[in-house]
Amino acid sequence: MMRRLMWLSQLFYFLLLLFSQYISSSSTSSSSFSSALLCSQHQSSALLQFKQLFSFSKEASSVCEEAGYRSYPKMKSWKADTDCCSWDGVRCDSTKGDVIGLDLSCSWLYGTVPSKSSLFHLPHLQHLNLACNYFNHSPISSGFGQFVRLKYLNLSYSMFSGQVPSELPNLSELATLDLSGYGNVSLETSVVKRLVQNLTKLRELHLDHVNMSSVSLSSLMNLSSTLTSLTLDSCFLRGRLLDHIFRLPNLQELSLAHNPELTWFFPTVNSSNALRVLDVSYTNYSGELPKSIGKLTFLSHLIMSGCNFSEPIPTWLGNLTQLTILNLSANNFGGQMPSSLSNLKELSSLDLRANNLNGTLPMWLGNLTRLTKILLGTNSFTGQLPSSLSNIKDLTFVGLRYNNFEGRIPDFLTNLTKLTSVFLSFNQLTSQFGEFQFSNSLEVLALDNNRLNGSIPKSISNLTNLNNLDLSANDLTSIVDLDMFKNLKKLKTVYFSHNLLHGKLPVVPSSVNSFLMERNRFSGEIPYTACNATFLTILDISRNNLRGTIPSCLGNISNFLSVMNLQGNHFHGTIPDTFAKGNRLRTLALADNYLEGLLPKSLVNCINLELLNLGKNMINDSFPYWLEALPKLQVLILRSNKFYGPIRNHKTGGMFFPKLRIFDLSHNDFIGSLPTQFFEQFKAIMTTNESEDGPKYIGEEYSNFGFSGTNLTENYILQVYRDSIIITMKGNEFALSSILTIFTIIDLSSNMFYGKIPETLGTLKFLRVLNLSHNSLTSHIPSSLANLTALESLDLSSNMLTGEIPMKLTSLTFLAVLNLSQNLLTGPIPQEKQFGTFQNTSYDGNPGLCGFPLSMKCSSDESPPPRPSIVQEDNGSMFARGFGWKAVLIGYGCGLVFGLAVGYVAFKTEKPHWLVRFVEGERNGKTRRPNNKRLGRRRT
Ligand SMILES: *[C@@H]1O[C@H](CO)[C@@H](O)[C@H](O)[C@H]1NC(C)=O
Ligand SMILES: *[C@@H]1O[C@H](CO)[C@@H](O)[C@H](O)[C@H]1NC(C)=O
Ligand SMILES: *[C@@H]1O[C@H](CO)[C@@H](O)[C@H](O)[C@H]1NC(C)=O
Ligand SMILES: *[C@@H]1O[C@H](CO)[C@@H](O)[C@H](O)[C@H]1NC(C)=O
Ligand SMILES: *[C@@H]1O[C@H](CO)[C@@H](O)[C@H](O)[C@H]1NC(C)=O
Ligand SMILES: *[C@@H]1O[C@H](CO)[C@@H](O)[C@H](O)[C@H]1NC(C)=O
């Protein structure tokens, strides 16, 4: 994301240039063609022939649209028998009629430019711009080297690939060269050397995302002193950058961002140094911020994120009085903000996110009246927000989340009329704010994860520009005004989850795509207005007191609906049989209600379904074989219903729950022998191991803003919806708030299965939890279970199993929970490895068992000494990295799996870029509000 934004900001810069070029070129051409018909026949036909190379497709220039710029097929208007000098994008010399300029940027070109192309028959070209088209991974033709008069060449973001041709250095007149792209073009040292040698008039050189990993940095030694702008972002540069680059006499812009193997040292410079823009983000530098930067008196942009700078922010930064943009985010700066920063009167954007800054926000911040963006999130600031912020009239964006700010909702939210985005999430703001008047300009208001209480402010219903509203995880108690969203026609996301709101659910606005109200006390029925929300993507109204039946529209409300979570309410009646073909439902969670009747057959239309949770209802049906072809189904939970009958082996025509990892049929009335064949076919459980880059969660990231590159907000609001389920272990229920894709569970407990435990279970190599308890299984424990080397919990209790415990089971080195109690097992208990750690309770009620930990000694046994517990090394387990089962059992009363899941999240939050939300624990149905709301801290 960061890269993409960085890149986009580059693109913006470039498009700006492009736009100004365009303006100037079109004004020139219109003045020139007013005189006479100028264009020669051969130029005309060369251009028309060139046009033949392409088809025109908007996608080819989608990058322009994404960045908010217009694109259109300029060439489409080119017609034979008209003056080519008047064609869109063509510019001619006003006296001779030579084509000297061609600007086909953002022109939908889709095709390739071969070296024999007629384009190269335009020898007078001085200006050529083909940026932002799609040349289909073709190489940059050597033909470009023929335009010896060329002063401007722009081939950026156009899907060229391969080596930059060795003919390019022939363009010795070039003032601007832009080959930036998507990382498919590469440059060799020899070509760089010749470029540097021959392009002595170069003023702007942009090679962002050109692969220069093999380029020796010494080849940049003699870069032309005419250079004013040099950007080498994401070029895979390696080694130490030569100091002299920072001293190029005319250089105003230098960008080296995202070259993690590039080291540099800022040399001493004198105050006449021309640098205005310096971006060295995410390069390899650590230590103090180099002092000599303080000599750059013209500097307006200083961007140094992700460089491992530590220490306090140096006071001398206050010398850079021309700064408009200061970005020191994602470093390790500590201490307080130095007051010298109050000299930076020109500052428009201050970004110090993700450091270790502390203290209160100083009053003088309000003296920086040019500020439009304040980004101080993910630090350790404390205290109240200074009232002086309301002096900063142009403020549009305030990002202060993940700090320890306290006190009332700040006043600046009232009287700053340009304010659009406010992120105060994850602080300690208190106060009743029911009467608060919010500034009408707000588009994004995120006050979630604070301690706000009382009612939801009425003035929110006046914020007609509001897109996103997040008040979740506070202590709000009121009844919500049913019509509060009536005038908010742009509202896309509404999150009121985890509060104490009651009364009826508010009317669902038809523009909304995410509507999250879970864990409140809403009562009444699902409002029929939900059926009008045709953009609805996530609907989560779980864990409330809602009643009534599920409206039949819900199955086909929206073509976008991906998550429907209604669990933990009092819904009754049948599940509507209205799931339409082509729906995108990924999660359907209806557990813990009073639903009855048959499973709706239209569920087979939900081919995107990953999670189907119908547990704890009264559904009365036989086993739904017909779900076996759902290609993405990972979680199937039918527990605690009235499912009945045998589960027969049957021949399948291919697909058989190909992705299923969690299979819970417990607490039903299934009968007969265990379905041997099933266990041989659960492909996902046989192959699911932790992936290279760590575990993944079932769930998705949703960007609520679509793609809007200019907007920092995109970086901010990236919502993760994580499914949660309840699993049983050792007789207790645990909520699993985030389902790791490596969780693999088979739970067939509390049914009426009889007969043998099939040997075939042994093929499920990556099974973690197996529960067959409370059935009527007989015969021996198959020794093939020893093949389940990932197994962490095994429960075979309350059956009629006989024989000895297979010694081979000692090879289950991750086994942390074992229950074999209430069977008819006999003989000695294995003593090796994990088996030394289990208690009596694991074996109770088997009169024929003997040996430690039971008091009954085995007859042949000379009273073996009790073994010391061997606490396993946990490093292969899904709960690894510091949070093993033992640690959790001892240290965290809040429940096994909860602790484990949280542990995992806590250890993982450094890495992911998404927000880890809703880390929530629950045990035996009793909700608890975790005090570690703040786990997702290191988000920038
Ligand atoms: C420099 O450019 C000229 C033509 O402009 C060309 O003849 C010459 O070979 C180039 N030199 C190098 C070192 O590329
Ligand atoms: C900052 O300015 C002060 C006063 O003009 C000067 O004494 C100091 O040397 C400057 N610091 C740096 C690092 O340039
Ligand atoms: C603020 O940060 C500095 C530097 O990291 C540290 O020495 C100081 O103890 C911190 N102060 C507080 C109140 O945490
Ligand atoms: C901020 O502005 C106020 C009023 O103009 C002034 O009194 C104060 O000295 C300024 N503070 C700083 C640190 O510049
Ligand atoms: C905003 O309101 C505060 C008081 O609430 C006031 O002191 C300040 O002058 C106002 N600022 C502007 C720009 O209106
Ligand atoms: C909405 O705005 C109008 C006009 O500014 C104002 O009169 C009214 O009190 C506001 N409503 C609420 C609930 O704040």
Side-chain angles (χ1 to χ4, degrees), residues 552 554-556 558-565 574-591 595 597-615 617 619-639 641 643-666 668 670 672-688 696 698-700 723 725 739 741-748 751 758 760-761 763-767:
S552 60
L554 280 191
N556 55 7
S558 142
N559 291 331
F560 305 102
L561 195 65
S562 168
V563 174
M564 191 197 308
N565 188 346
T574 56
I575 304 170
D577 196 4
T578 51
F579 298 98
K581 275 214 164 67
N583 76 64
R584 298 198 195 164
L585 208 56
R586 187 183 62 71
T587 293
L588 178 60
L590 305 175
L595 300 170
L598 300 174
L599 274 191
K601 285 288 195 295
S602 59
L603 278 174
V604 291
N605 293 332
C606 303
I607 56 168
N608 294 304
L609 207 59
E610 290 175 14
L611 180 146
L612 178 59
N613 187 354
L614 303 173
N617 279 292
I619 298 167
N620 194 340
D621 204 342
S622 55
F623 181 77
Y625 295 101
W626 43 273
L627 290 177
E628 73 190 8
L630 291 181
K632 297 179 182 170
L633 193 65
Q634 299 189 43
V635 179
L636 176 61
I637 299 177
L638 304 178
R639 63 178 297 145
N641 274 288
F643 284 94
Y644 59 86
I647 302 180
R648 273 183 301 273
N649 286 320
H650 71 299
K651 285 258 183 311
T652 64
M655 291 246 268
F656 180 82
F657 297 110
K659 289 275 157 63
L660 202 66
R661 324 164 191 282
I662 297 182
F663 182 58
D664 185 349
L665 304 184
S666 63
N668 277 293
F670 289 114
S673 49
L674 291 175
T676 318
Q677 214 178 29
F678 273 39
F679 306 125
E680 292 170 320
Q681 296 185 66
F682 284 140
K683 288 261 156 36
I685 304 182
M686 293 177 200
T687 55
T688 303
K696 304 227 172 3
I698 299 181
E700 275 178 53
D723 297 308
I725 58 169
I739 308 173
T741 55
I742 54 165
F743 263 113
T744 46
I745 299 173
I746 292 181
D747 190 343
L748 305 178
N751 279 288
T760 51
L761 266 172
T763 56
L764 300 175
K765 193 164 162 225
F766 293 106
L767 189 63

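This is a predicted model, so every value here is computed, not measured. The analysis underlying the following values was restricted to heavy atoms, covering all of them including side chains, and did not include hydrogens, waters or symmetry mates.
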A.B. asks: Before you tell me yes or no, could you show the steps for Lys581 and Asn605 under side-chain contact (heavy atoms from CB on, under 4.5 Å), namely the whole-Å CA-CA distance, both residues' side-chain angles and the distance that decides it to 0.1 Å?
C.D. replies: CA-CA 5 Å; Lys581 275 214 164 67; Asn605 293 332; 3.6 Å; yes
A.B. asks: Checking Phe560 now: which residues fulfil side-chain contact (heavy atoms from CB on, under 4.5 Å) with it, not counting sequence neighbours?
C.D. replies: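 Counting only residues at least two positions away or on another chain, Phe560 forms a side-chain contact (heavy atoms from CB on, under 4.5 Å) with Phe535, Thr537, Ser558, Arg584.
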A.B. asks: Is there a donor-acceptor contact under 3.5 Å from the side chain of Asn583 to the main chain of Leu561?
C.D. replies: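 Such a contact is absent between Asn583 side chain and Leu561 backbone.
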A.B. asks: For a 4.5 angstrom cut-off between non-hydrogen side-chain atoms, does Phe623 reach Leu665?
C.D. replies: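 In short, these two side chains touch, coming nearer than 4.5 Å.
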A.B. asks: So which atom in Ser552 and which in Pro576 form the shortest heavy-atom distance, rounded to 0.1 Å?
C.D. replies: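 Shortest heavy-atom contact: CA-CB, 3.6 Å.
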A.B. asks: If you take all heavy atoms of Phe766 and Thr744, which pair is closest and at what distance?
C.D. replies: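 Scanning both residues, the minimum pair turns out to be O-OG1, 2.6 Å.
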A.B. asks: Are the side chains of Ile685 and Ile746 in contact, using a 4.5 Å heavy-atom criterion?
C.D. replies: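 Side chain of Ile746 against side chain of Ile685, heavy atoms only: contact under 4.5 Å found.
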A.B. asks: Is there side-chain contact between Arg586 and Val563, with heavy atoms separated by less than 4.5 Å?
C.D. replies: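 Result yes, sub-4.5 Å side-chain heavy-atom pair found.
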A.B. asks: Rounded to the nearest 0.5 Å, how far does CG of Leu590 lie from CG of Leu612?
C.D. replies: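 That separation rounds to 7.5 Å.
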A.B. asks: Would you give the length of the straight line joining atom CG of Leu767 to atom NZ of Lys765, rounded to the nearest 0.5 angstrom?
C.D. replies: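 Going from CG on Leu767 over to NZ on Lys765, the span is 13.0 Å.
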A.B. asks: Would you mind reporting whether Leu636 and Leu660 have side-chain heavy atoms less than 4.5 Å apart?
C.D. replies: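 In short, these two side chains touch, coming nearer than 4.5 Å.
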A.B. asks: Rounded to the nearest 0.5 Å, how far does CG of Leu761 lie from CD of Glu680?
C.D. replies: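 That separation rounds to 10.0 Å.
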A.B. asks: Please check: side-chain N/O of Asn617 versus main-chain N/O of Gly615, any donor-acceptor pairing under 3.5 Å?
C.D. replies: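 Yes: the side chain of Asn617 pairs with the backbone of Gly615.
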A.B. asks: Checking Ser622 now: which residues fulfil side-chain contact (heavy atoms from CB on, under 4.5 Å) with it, not counting sequence neighbours?
C.D. replies: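 Partners of Ser622 under the side-chain contact (heavy atoms from CB on, under 4.5 Å) test: Tyr644.
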A.B. asks: How many angstroms lie between atom CG of Leu585 and atom CG of Leu609, to the nearest 0.5 angstrom?
C.D. replies: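 That separation rounds to 5.5 Å.
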A.B. asks: For residues Pro624 and Leu638, determine if any side-chain heavy atom of one lies less than 4.5 Å from a side-chain heavy atom of the other.
C.D. replies: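 Sidechains of Leu638 and Pro624: in contact.
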A.B. asks: Between Asn641 and Arg639 (side chain of the first, backbone of the second, donor and acceptor by atom type, cut-off under 3.5 Å), is there such a pair?
C.D. replies: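 Between the backbone of Arg639 and the side chain of Asn641 there is a qualifying donor-acceptor contact (under 3.5 Å).
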A.B. asks: Suppose we screen for ring pair (Phe, Tyr, Trp, His ring centres under 6.0 Å). Which residues come up paired with Phe657, at least two apart in sequence or across chains?
C.D. replies: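 Phe657: no ring pair (Phe, Tyr, Trp, His ring centres under 6.0 Å) contacts found.
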A.B. asks: Are Phe670 and Phe643 side-chain neighbours, meaning at least one heavy-atom pair lies under 4.5 Å?
C.D. replies: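 A side-chain contact exists here, since the closest heavy-atom pair is under 4.5 Å.
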A.B. asks: Using atom types as modelled and distance alone, determine if a side-chain donor or acceptor of Asp747 lies under 3.5 Å from a backbone N or O of Ser666.
C.D. replies: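 Not a single qualifying donor-acceptor pair exists.
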A.B. asks: Taking Glu610 first and then Lys632, would you say they form a salt bridge - that is, a charged N and a carboxylate O separated by under 4.0 Å?
C.D. replies: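 Result for this pair is no, no salt bridge flagged.
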A.B. asks: In chain order, what residues pass the side-chain contact (heavy atoms from CB on, under 4.5 Å) check against Thr676, with sequence neighbours excluded?
C.D. replies: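 Thr676 satisfies side-chain contact (heavy atoms from CB on, under 4.5 Å) with Asn649, Pro758, Thr760 once adjacent residues are dropped.
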A.B. asks: Locate the shortest heavy-atom distance separating Met686 from Gln681; write the atom from each residue and the value.
C.D. replies: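 Nearest pair, atom of Met686 first, then Gln681: CE-N, 3.7 Å.
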A.B. asks: With sequence neighbours left out, what residues match Phe679 under ring pair (Phe, Tyr, Trp, His ring centres under 6.0 Å)?
C.D. replies: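 Not a single residue meets the ring pair (Phe, Tyr, Trp, His ring centres under 6.0 Å) criterion with Phe679.
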A.B. asks: Measure the CG-CG distance between Asn620 and Leu595 for me, rounded to the nearest 0.5 Å.
C.D. replies: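 One gets 13.0 Å once the value is rounded to the nearest 0.5 Å.
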A.B. asks: Is Pro600 close to Thr574 at the side-chain level, that is, under 4.5 Å between some pair of heavy atoms?
C.D. replies: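 Sidechains of Pro600 and Thr574: no contact.
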A.B. asks: State which residue, out of Leu603, Leu614, Leu598, fulfils the side-chain contact (heavy atoms from CB on, under 4.5 Å) condition with Ile575.
C.D. replies: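 Filter result, single survivor: Leu614.
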A.B. asks: Once rounded to the nearest 0.5 Å, what's the spacing between atom CD1 of Ile637 and atom CG of Leu611?
C.D. replies: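 Here the rounded value is 6.0 Å.
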A.B. asks: Counting C-beta onward and ignoring hydrogens, is there a side-chain heavy-atom pair between Tyr625 and Ile647 closer than 4.5 Å?
C.D. replies: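 SC-SC contact between Tyr625 and Ile647 confirmed.
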A.B. asks: With sequence neighbours left out, what residues match Pro658 under side-chain contact (heavy atoms from CB on, under 4.5 Å)?
C.D. replies: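 Pro658 satisfies side-chain contact (heavy atoms from CB on, under 4.5 Å) with Met655 once adjacent residues are dropped.
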